[in-house]
Amino acid sequence: MLSIDRSIVDAIVAHARRDHPDEACGVVAGPVGSDQPTRHIPMDNAARSMTFYEFDSMEQLRVWREMDDRDEEPIVIYHSHTATEAYPSRTDVSFAGEPGAHYLLVSTREPDTEEIRSFRIVDGVVTEEPVRILDAGVDPHAVQSYMFGQSPATVDYECSGR
Amino acid sequence: MAIEVRIPTILRSYTGGAKVVEGSGDTLNDLLTDLDSRHAGLRGRLVTEAGALHRFVNVYVNDEDVRFLGALDAKLSDGDSVTILPAVAGGAFGFAAAAAIAQHNTAAGRRTPVTVG
């Protein structure tokens, strides 16, 4: 199960909405071994595409080094699908290189609601997991960047995996 | 002196869990061959059967992406630091199709401007 603070989910959704119809991507870092996502880092989609995302390799090096210096690891790696469901594509699976991370997908294909789902992807095997939204679990000052954008009126948290 | 190599989580099964290993070589290709002699299988995760650097990894020499330094031919010196990271990429579309579109866009000189705010 992924447990994540509501303010971080709101920031991820705002990032996805802002970049729509291009795919948005980023990371939520947290202390090593904690499984707690605390620091939201929106990344550039170097592909700037509606159907593909790719971290800029130099930005990634900087962010991964910063996490290392702070004894953090990528707890969540997220991206949006802008015209299809929030389920990992074959491309997502072949690239998934962080076996310890929660792969969070946001679909922005509907203008008024977001579909948010989380997956583990290990050795090519996709396992869906429930998403638990925490309302006050994380110090809001720990959120590095809070995106400007609308908050969703209704959010559809589909957790069909058991 | 040797070359320090930082290994990502997903490849630490080849290094007995070690986050940093040392190796030697005049080029990245030589270094990976040297590493493979002690960490069998590691090279195969980084280099394709055709002998090119794998699309799924980013390799850096000091602060540079090796794709801009000649990839496997990138020159190395003692004291250099090599960092390996999993490339983070994906998306709704098949990768081959996406790459074809990206190439087409680059060829046509089109870039979508970044919208802020």
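Lettering follows sequence order; numbering is per chain, from 1. Only this structure's heavy atoms are used, side chains among them; waters, hydrogens and symmetry mates stay out.
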Go through the atoms of [X] and report whether side chain, backbone, both or neither lie under 4.5 Å from a heavy atom of chain B.
X       : answer
A:Ile77 : side chain
A:Asn45 : neither
A:Ser57 : both
A:Ala83 : neither
A:Arg65 : side chain
A:Gln60 : both

Using only heavy-atom distances, determine whether the side chains of [X] and [Y] contain a donor-acceptor pair under 3.5 Å.
X        : Y        : answer
A:His79  : A:Tyr103 : no
A:Ser3   : A:Arg132 : yes
A:His102 : A:Glu129 : yes
B:Thr27  : B:Asn29  : no
A:Ser89  : A:Asp92  : yes

ask   = What's the verdict on ring pair (Phe, Tyr, Trp, His ring centres under 6.0 Å) for A:His81 and A:Tyr53, showing C-alpha distance, side-chain angles and the deciding distance?
value = CA-CA 10 Å; A:His81 285 176; A:Tyr53 81 95; 8.3 Å; no
message = Just so I know, are the side chains of A:Val28 and A:Thr38 near enough to count as touching, which here means a heavy-atom distance under 4.5 Å?
response = no
query = Does anything in residues 4-21 of chain B get under 4.5 Å of chain A by heavy atoms, and if so which residues?
reply =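 Those residues of residues 4-21 of chain B which have a heavy atom under 4.5 Å from chain A are B:Arg6, B:Thr9, B:Ile10, B:Lys19.
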request  = Check each atom of B:Asn58 against the heavy atoms of chain A and say whether the ones under 4.5 Å are side chain, backbone, both or neither.
outcome  =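 Looking at B:Asn58, just its side chain touches chain A.
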Contact winner vs chain B - A:Val27, A:Leu105, A:Asp68, heavy-atom pairs under 4.5 Å = A:Asp68
